There are 2 protein chains.
Amino acid sequence: MSAKRITWQSLHAEVSRRISDGLWKPGDLIPGEVDLAAEFGCARATVNRALRQLAQEGFLDRRRKAGTRVALHPVRKATLDISITRREVEQSGQVYSHKTLRRKQKSAPKHIQNIMGETQAAPLYLTTLHQAGKKPFMYETRWVNTDMVPNVLDADLTQISANEWLVENALFSKGEITFSAANASDAEAKILNVATGTAIFIIDRVTWNGPNVVTIVRLAYTPSFQMSTKI
Amino acid sequence: MSAKRITWQSLHAEVSRRISDGLWKPGDLIPGEVDLAAEFGCARATVNRALRQLAQEGFLDRRRKAGTRVALHPVRKATLDISITRREVEQSGQVYSHKTLRRKQKSAPKHIQNIMGETQAAPLYLTTLHQAGKKPFMYETRWVNTDMVPNVLDADLTQISANEWLVENALFSKGEITFSAANASDAEAKILNVATGTAIFIIDRVTWNGPNVVTIVRLAYTPSFQMSTKI
DNA sequence: CAATTTATTATGTGCAGACATAATAATTGT
DNA sequence: ACAATTATTATGTCTGCACATAATAAATTG
């Protein structure tokens with residue numbers, strides 16, 4: 001008779017079910033790992049794996065000694081996949097292309113300097129229009145710290161966009177991403193081929209390698225754009 | 001000579017360092033788990049834990065038999081914490097309050113019906129203004145499937161917002177979140193106290209329990225709002 | 001030589017046991 | 001009664017081993 005081996009996934013599913021069926025309600029203390037292991041006839045490590053996953057997903061709160069409870073205010077964690085623009089476009093089944101509009105090494109404005117800090121050489125300023133088919137898809141405004149990535153100055157960005165080039169050639173350790181909405185300025189509106197003032201989705205990203213800023217970029221998407229995720 | 005016990009975190013940090021230092025470049029095949037275990041003098045399970053984590057974070061690509069490579073196009077996973085609105089406001093150090101503007105059981109418009117499907121009873125329509133201090137913070141438009149949560153009809157939503165009430169009283173299993181930007185309509189502008197056409201950040205959320213839609217909600221944030229995350 | 005079958009191998013996961021750690025509960029001292 | 005100390009306990013993690021699984025490489029077959 002069966003005696004099928006329990007996997008941590010099946011346990012994850014079962015606990016998940018008990019929560020979503022209301023058997024274990026928010027705030028409830030659930031049985032300890034040893035008890036669950038006994039109930040399901042598996043090792044404690046397996047239970048741990050399943051519960052750890054559920055905790056990471058925000059369904060459970062776990063604390064040593066105190067035990068495991070069903071999350072009271074489930075801080076649900078939405079995971080967004082941030083990939084390179086070409087992929088984003090191609091995954092929607094369209095043909096990707098890009099055009100470098102501006103490319104100049106010059107001193108950065110104050111608000112950029114504040115983030116990037118002092119640099120030896122002047123940063124590189126790049127603006128790029130990314131297209132899906134023949135239509136504008138996203139307008140990218142980027143500052144690159146040339147101290148950190150000197151050879152970007154000689155890079156051929158006609159075939160590969162700055163976006164992709166940096167991902168493959170620059171080193172980075174951490175980043176910060178901010179999502180917001182803004183009204184299109186005259187310049188942005190013209191480039192994205194929309195009316196001035198149209199609401200556009202903005203992604204601001206700062207990328208570091210260790211303590212140093214590598215690049216600061218602002219992505220302005222066309223109005224139809226939306227970012228979606230399941231939880 | 002130390003002989004300090006290796007933890008999976010330390011291993012995670014070390015591999016992470018080797019990648020960000022460029023020792024292992026994008027596309028490179030890194031040593032197998034057994035080799036790394038030997039190098040660091042720990043069990044393979046420990047190496048596995050560290051590498052699994054790095055893969056989940058998008059830094060590594062792992063495939064059975066093929067081995068582990070540094071991600072070529074690091075699909076970075078940005079994790080956003082979606083908590084209840086009261087928390088969001090309070091965490092920014094402001095006083096939270098809310099006002100239920102409309103509350104009526106009525107048949108849903110087509111685009112809502114399409115998502116919610118057929119229901120026995122008419123859904124509940126709720127609009128709520130969430131405030132930070134005395135200022136508008138977010139305007140919520142919600143449809144609740146009363147088949148799934150019948151007692152929402154009798155709920156007191158003056159103390160607790162629909163948002164919170166549902167989190168604690170309704171069962172849910174999965175959800176879908178979509179982020180976008182939109183120009184404020186006349187009605188929205190008036191409620192949020194901004195000019196018509198102002199760009200606002202929109203979050204659309206659909207929540208299921210099993211195959212059934214529990215609630216559909218649209219959150220329109222004031223222009224200053226931004227959502228941020230580190231990766 | 002192409003197509004199919006059969007090894008091979010790196011990762012994925014399970015188990016039992018041990019110790020570590022953090023948080024709580026119980027105890028002790030003043 | 002209160003503070004400081006000492007158990008206690010549930011989770012966290014490491015180890016060493018075993019077998020499962022998926023993907024590739026090698027061998028076999030027509």
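Not measured: the values here are computed from a predicted model.
- With rounding to whole Å, A:Arg63 atom CZ is found 12 Å from D:dG12 atom P.
- When heavy atoms are screened at a 4.0 angstrom cut-off, A:Arg44 is found touching base atoms of the nucleic acid.
- Rounded to an integer number of Å, the gap from A:Asp35 CG to D:dT9 P is 13 Å.
- When the side-chain nitrogen and oxygen atoms of A:Asn48 are compared with OP1 and OP2 of D:dG12, one or more of them lie within a distance under 4.0 Å.
- Under 4.0 angstrom from either OP1 or OP2 of C:dA10 there lies no side-chain N or O belonging to B:Thr68.
- Contact between the side-chain N/O atoms of B:Arg62 and the OP1/OP2 oxygens of C:dA10 is not found at any separation under 4.0 Å.
- In this pair, B:Phe179 and A:Phe179 present their aromatic rings parallel. The plane angle is below 30°, not in the 30 to 60° band.
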Checklist entry - Given B:Arg205 and B:Glu176, is the salt bridge (charged side-chain N to carboxylate O under 4.0 Å, His left out) satisfied, shown in steps? => result CA-CA 6 Å; B:Arg205 205 170 354 166; B:Glu176 189 177 299; over 6 Å; no
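- The separation between B:Glu33 atom CD and D:dC14 atom C1' is 15 Å, rounded to whole Å.
- Atom CG of B:Leu51 is separated from atom OG1 of B:Thr68 by 5.5 Å, given to the nearest 0.5 angstrom.
- B:Lys65 places its NZ atom 6 Å from the P atom of C:dT9, with the value rounded to the nearest Å.
- The interatomic distance linking A:Asp61 (CG) with C:dT24 (P) rounds to 13 Å, in whole Å.
- Sequence order on DNA chain D of the closest nucleotides to A:Ala66 and B:Gln9 puts A:Ala66 first from the 5' end.
- Considering only the side chain of B:Arg5, D:dT15 comes nearest among D:dT15, C:dC15, C:dT11.
- Ring pair A:Tyr221/A:Phe225 is parallel by interplanar angle, where below 30° counts as parallel and above 60° as perpendicular.
- Here D:dG12 presents its C1' atom at 15 Å from CG of A:Leu60, a figure rounded to the nearest Å.
- Nucleotide D:dT13 holds its P atom 6 Å from the CH2 atom of B:Trp8, rounded to whole Å.
- A straight line from CG of B:Leu29 to C1' of C:dA10 spans 10 Å, rounded to a whole angstrom.
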